[in-house]
Amino acid sequence: MPDDHSLPILPTQLRIARRRLLLSSGVAAGSSLAAVAAFPARALAAGVPAERIPGWLEFLSRTIPDSLDDEAPVALSPREFATLRAVVGRLIPTDDLGPGADEAGVHVFIDRGLAGPNAAHLPLFQALLAALDTGAAGNGFAAATPERQDELLTRLEAGELADAPKGAFALLLEQTRQGMFGDPIYGGNRNFAGWDLMAYPGIKLVWTEADQQIDADVKPLHLSVKQFGGTGW
Amino acid sequence: MTNALPKADVVIIGLGAAGGIAAHVLTQAGVNVVGLEAGPRLGLGDFLANDDEISGMIRYWTGEPKYNHEIPTWRPNANAPTQPPIPPVSMANMVGGTSVHYGTQSWRFRSDDFRTRSTTIARYGNAVIPPTSTLVDWPISYDDLEPYYDRVEYLIGVSGQAGNINGALVDGGNPFESPRSRAFPMPPMRSFGYGELARAAMTSLGYHPFPQPAAIASVPFDDRPACTYCGYCSGFGCWNNSKSSTLVSAIRRAEASGRLEVRPNCRVMRIQSNDRGQVTGVEYLDEQHAPQVQPAGVVILSAYLYENVRLLLLSTSAAYADGLANNSGQVGKNYLSQAYAGRTALFPGKRLNVMSGAGGQAVAMDDLNGDHFDHTGLGFIRGAVIFAGNSELPIGHSRGIAPGVPQWGAVYKRWVHENANSVGSAFAQVEPLPYADVFLDLDPTVKDPLGVPVIRVTLDAKENEIKAARFMDAKLAELLTAMGAAQTWPNFPAGTPLPINTHAYGGTRMGDDPAASVVNRYGLAHEAPNLMILGGSTFPGSSGYNPTETIQAHAWYAAEYLASNLNSIAI
Ligand SMILES: Cc1cc2nc3c(=O)[nH]c(=O)nc-3n(C[C@H](O)[C@H](O)[C@H](O)COP(=O)(O)OP(=O)(O)OC[C@H]3O[C@@H](n4cnc5c(N)ncnc54)[C@H](O)[C@@H]3O)c2cc1C
Ligand code: SF4
């Protein structure tokens, strides 16, 4: 799916600089305070215009709550966020196989993307969520029964839901998969729910010859780029 | 006006797969080189922290400094309107270029790949060549490049199984390979379960499987550790320095010589030329975005195909009204984009463990490549290399659902749970032909964030490539079924046009005739003899293989010629 590729050039080089900084000062993402303090001087030295620095400092200092209930949306309204959570929970539902996309935080993944690299899709997602709420009537999509929710999503998939923007379902589905099965650093795939579902062990730097045989049973490692100092893109 | 910097012997624009090799060859010969690279200098820890499936395969973080913001536009033909934006390809901007995160499939072309026109006509006659195709033989042969393939393999480090050493066939290698002067410097990549299924099936179908050559240290090489088969390989930088990028091989050595000055985050905007048509230097934006002028005796343009063509077309001057080295009107012509067929397959109840491994770790066959099979009556010429490998990742698997399975809901979830680790694939990389009506120019309206026009691609899928892709797709289905698949399905409709590509060719064609090509066999522009152009943009045609080792062998051949003739070429 196309991300928004209209970012100017400098912030990128700065983002790379930020990651180098986190690494070179030997701190992981969780304890980046020292790095944050050192950041302005380094950024200026790298030729970054001073007016860009406050925004990046804010981004660097952002913390991620552990509980999904403490998670506040950054692009969507609280109501839209609640609808989205219910939507992804039907696309990949919680069942005896394990957590669904709602419990895995996929709505958090999508919302963060809409405040960042996927900002161009925000209006489309807002229109899509409004169409689902309107279609559900009463207290909206989140309050509807699972059967009713599935019916609305089926109509959306078939292109038959009133007021839903064209192409919205494909985008929603792709974003849901990215959130469920992508690295947890982006807010989805909490507790490695998506990777456990498909028996993907997580980042595994060393695969032995035995691991690569048919029917080898490779144990989960539950490692994300976060453990290597990453902060996600 | 900015002050000019001290003149450099040679300035290289873009230190990627091609520029990195040229830097090494020139500095070894004692030439002082300035390398201007639009991207940053990154290293091991950067890849470990930043490379995940979303950053690497979806958001393309390594293209953020530049490539992502100058995606070419596309129209199917010269009368059609420009189509909606197409997704970018994941080329990288950094010291080492895309070689830092390429898939490492490291092939030599075969001798007939350099003589496609004459070998085709000799066997089938003129009529089989599509009337609008500009298919030609190359001005150089396999024998010209063989010593340079050898040097590249031993410098960067390529692992593989030889199939033909000086004419003697070697067991287990590719029996179709053109003679090599010696074995690879390292044994092939490790065998793996899914690859063994492929090997057995290919053999049972009468084909000749072999381990695909890979630009990876299969064993410790040149102070670099052996690959650990981590699975984040094609599209990712190597966490372990095992991948044989130019960053860790050619550029490292060139810098150690003391004769290469790398200037990262420096983006060239224009190449200057004088009224005699010689190039005199380049204009660039430095790390602080300040304009600079770097005068040079020779300019090497190796910024990947689209930027090679774009910089030429943008660099107009008194001598070149229509773009540098383009008084012939040939810049942008004879563009080609590789075609593919790919199939996914379900092996119920088997744990395949293909979400692992290295990009170059695959079992390949050449029986349906080039002219290794009789094309009579097939309606197309040339062929494809076929391979089955791994390096699949979870988001990719979440999309690769068998036809008929719901795309969401509890049934989808159960299908993914039960089958994600039982899905494998095979690919055919189809050789495209050049056509007169497939070309590049500057888009008249779309610009990058700096206000510079982007490239516009005019390209449609042609009958020859569509038929070849369909033929190969059927062979992939046969192969996967022989491997034990219960069900197989195409990844995309065979023959889908790919306007922009990581395997793109032409635009600054190499040839002997200045009226029909842009550069000579050494990559030197016919019109501007102290301008060298390197990369796939110089290829007169293509092959069924991945291009990079041939790009690098040609870069070595060209740079060696330049080093030996610097006094007569440089101004
Ligand atoms: C995901 C992926 C997998 C691939 N796998 C394979 C494979 O398995 N086998 C294979 O053979 N090939 C593969 N390729 C293709 C391979 O990467 C290219 O063939 C090769 O890198 C091309 O070399 P190049 O030097 O022309 O370009 P690059 O290696 O891209 O280098 C060009 C350099 O120029 C710089 N540059 C661009 N514009 C400017 C400017 N204006 N000023 C200064 N610098 C500039 C760029 O930042 C870059 O560093 C793959 C590509 C991708 C994206
Ligand atoms: S698979 Fe091997 S070469 Fe590729 S990135 Fe991992 S360790 Fe490096």
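Because the structure is a prediction, the values reported are computed rather than measured. Naming convention: chains lettered A, B, ... in sequence-line order (proteins, then strands); numbering from 1 in each chain.
- Remark: side-chain polar atoms of B/Ser398 are not paired, donor with acceptor, to backbone N or O of A/Arg177 under 3.5 angstrom.
- Contacts of residues 418-425 of chain B with chain A at a heavy-atom distance below 4.5 Å involve B/Ala420, B/Asn421, listed in sequence order.
- A salt bridge between A/Asp211 and B/Arg351 is absent, with no side-chain N of the basic residue lying under 4.0 Å from a carboxylate O of the acidic one.
- Within the 3.5 Å criterion, the main-chain N or O of A/Ile214 finds no donor-acceptor partner in the side chain of B/Lys350.
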With side chain to side chain donor-acceptor pair (under 3.5 Å) as the test, would you mind laying out the steps for A/Gln212 and B/Gln361 before giving the verdict?
CA-CA 11 Å; A/Gln212 279 198 309; B/Gln361 185 191 23; 2.9 Å; yes
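- Between A/Tyr200 and B/Ser356, every side-chain heavy-atom pair lies at or beyond the 4.5 Å cut-off.
- Not one N or O on the side chain of B/His417 forms a donor-acceptor pair closer than 3.5 Å with the backbone of A/Met198.
- Of the two parts of A/Thr176, neither the backbone nor the side chain holds a non-hydrogen atom closer than 4.5 Å to a non-hydrogen atom of chain B.
- A/Leu205 is listed as a side-chain neighbour of B/Leu48, based on a closest heavy-atom distance under 4.5 Å.
- In this structure, the side chain of B/Asn353 engages the main chain of A/Gln213 through a donor-acceptor pair within 3.5 Å.
- Both the backbone and the side chain of A/Leu197 come within contact range of chain B, with heavy atoms under 4.5 Å apart.
- Your options are B/Tyr412, B/Trp408, B/Tyr194, B/Tyr232, and the one with the most heavy-atom pairs under 4.5 Å with chain A is B/Trp408.
- Of the atoms belonging to B/Asn240, not a single heavy atom falls under 4.5 Å from chain A.
- Contacts between B/Gln407 and chain A at a heavy-atom distance below 4.5 Å involve backbone atoms as well as side-chain atoms.
- A donor-acceptor pair under 3.5 Å is formed between the side chain of B/Lys413 and the backbone N or O of A/Gly98.
- Residues B/Arg399 and A/Gln178 form a side-chain contact, since some pair of their non-hydrogen atoms from C-beta on lies under 4.5 Å apart.
- Counting heavy-atom pairs under 4.5 Å between each of A/Trp195, A/Tyr186, A/Trp207 and chain B puts A/Trp207 at the top.
- Contact annotation for B/Phe192: both backbone and side-chain heavy atoms come within less than 4.5 Å of a heavy atom of chain A.
- Of the two parts of B/Leu393, only the side chain, counted from C-beta on, holds a non-hydrogen atom closer than 4.5 Å to a non-hydrogen atom of chain A.
- Of the two parts of A/Thr208, only the backbone, made up of N, CA, C and O, holds a non-hydrogen atom closer than 4.5 Å to a non-hydrogen atom of chain B.
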